[in-house]
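Since we're looking at a predicted model, the values are computed, not measured. Heads up: numbering here begins at 1 and tracks the sequence.
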Amino acid sequence: AVLGCALLLPAVLAEDCPSPCSCSSPGEAWGTRVDCGSRGLLALPALPPHTRGLLLHNNSLPSIPAGALDSLGRLRELQLGDNPWHCDCHILYLKQWLEDFWPPALARLRCASPAGLRTKPLGQLAGSDLGPCKRLLPTKCLQFFWRDLVLIAGVTITLILAAWAVKLSKKLVCQLALGRWRLRRNKAH
């Protein structure tokens with residue numbers, strides 16, 4: 001049974017491993033080391049969900065798509081150096097993700113373009129450096145936004161209907177009380 005598991009592991013890794021990267025599980029049962037370093041990548045490939053190490057150094061990556069790293073909660077190793085980072089609005093996601101999860105990399109990673117920002121560390125980028133940017137949200141965030149908006153509208157409508165029902169019930173209670181009072185008064189006369 002142990003031999004069967006050992007034979008299955010490389011097949012699973014090969015299945016999840018993005019081309020042209022190589023993947024391994026260096027004695028760690030809970031993660032995959034994805035080596036995409038020096039592969040001439042122009043874009044980030046789809047990453048396995050259990051990525052523990054990610055090597056993206058020495059490629060041609062200008063940015064990382066918004067939301068691409070959000071699911072990498074097990075990440076313990078990250079190499080992003082020697083990429084021609086293009087410091088425009090599309091670099092905001094990587095900068096903010098690094099601020100939250102990998103702050104030391106901000107000082108080491110530098111802009112390659114545009115010319116006015118060449119060699120500036122990502123950690124020193126200010127909003128004014130990037131020009132007028134609309135906030136770039138990953139698709140998942142926009143889905144959550146619409147879901148939350150619908151939930152808020154549903155709760156608001158429910159509260160309005162509940163308030164209307166309470167008001168209507170008070171009115172009915174008052175009418176019933178008034179009706180009983182009139183009945184008693186008529187019987188008394």
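The two atoms that bring Arg108 and Pro104 nearest to each other are NH1-O, 3.5 Å, heavy atoms only. Across every non-hydrogen atom of Leu106 and Lys95, the tightest pair is CD2-O, 3.9 Å. Shown here for Asp129 and Lys120, the closest heavy-atom pair between the two residues is OD2-NZ, 2.9 Å. Nearest heavy-atom pair, Leu44 versus Pro65, reported as atom, atom and distance to 0.1 Å: CB-CD, 4.2 Å. Of all the heavy atoms in Cys17 and Ser22, the pair that sits closest is SG-C, 3.5 Å. Between Thr158 and Gly154, the shortest heavy-atom contact is OG1-O, 2.8 Å.
Ser113 and His86 share a donor-acceptor pair across their side chains, judged by distance under 3.5 Å alone.
Although no hydrogens or angles enter the test, the distance criterion places no donor-acceptor pair under 3.5 Å between the side chain of Arg52 and the main chain of Gly31. Distance alone, capped at 3.5 Å, is enough to place a donor-acceptor pair between the Asp35 side chain and the Gly37 backbone. Checking side-chain atoms of Asp88 against main-chain N and O of His90 turns up a donor-acceptor pair under 3.5 Å.
Note that CZ of Arg33 is 4.0 Å distant from CD of Glu77, once rounded to the nearest 0.5 Å. Atom CG in Leu55 sits 4.0 Å away from atom CD in Gln79 (nearest 0.5 Å). Note that CG of Asp16 and OG1 of Thr51 are 8.5 Å apart. Values are rounded to the nearest 0.5 Å. Here the straight-line distance linking atom CG of Leu98 with atom OH of Tyr93 works out to 9.0 Å at 0.5 Å rounding. One distance of note links CG of Leu69 with CH2 of Trp97; it measures 5.0 Å at 0.5 Å rounding. Summarising the geometry, atom CG belonging to Asn58 is positioned 3.5 Å from atom OG belonging to Ser38; distances are rounded to the nearest 0.5 Å.
Here the side chains of Pro45 and Cys21 are in contact, with some heavy-atom distance below 4.5 Å. In this structure the side chain of Trp102 never reaches within 4.5 angstrom of the side chain of Leu80, judged on heavy atoms.
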Should Asp82 and Asn59 be marked as a side-chain contact (heavy atoms from CB on, under 4.5 Å) after you check the CA-CA gap, both sets of side-chain angles, and the distance that decides it? CA-CA 7 Å; Asp82 297 320; Asn59 279 296; over 6 Å; no
Stepwise side-chain contact (heavy atoms from CB on, under 4.5 Å) test for Leu61 and Leu42: CA-CA 5 Å; Leu61 298 171; Leu42 297 169; 5.9 Å; no
Working for side-chain contact (heavy atoms from CB on, under 4.5 Å), residues Cys111 and Leu125: CA-CA 9 Å; Cys111 301; Leu125 286 176; 3.9 Å; yes
Given the rule in the side-chain contact (heavy atoms from CB on, under 4.5 Å) test, do Arg39 and Ser60 qualify, once you have shown the distances and angles that lead to the verdict? CA-CA 9 Å; Arg39 309 289 162 112; Ser60 298; over 6 Å; no
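Linking Ile, Leu, Val, Met, Phe, Trp and Tyr whenever their side-chain heavy atoms come within less than 4.5 Å puts Ile91 and Phe101 in one cluster.
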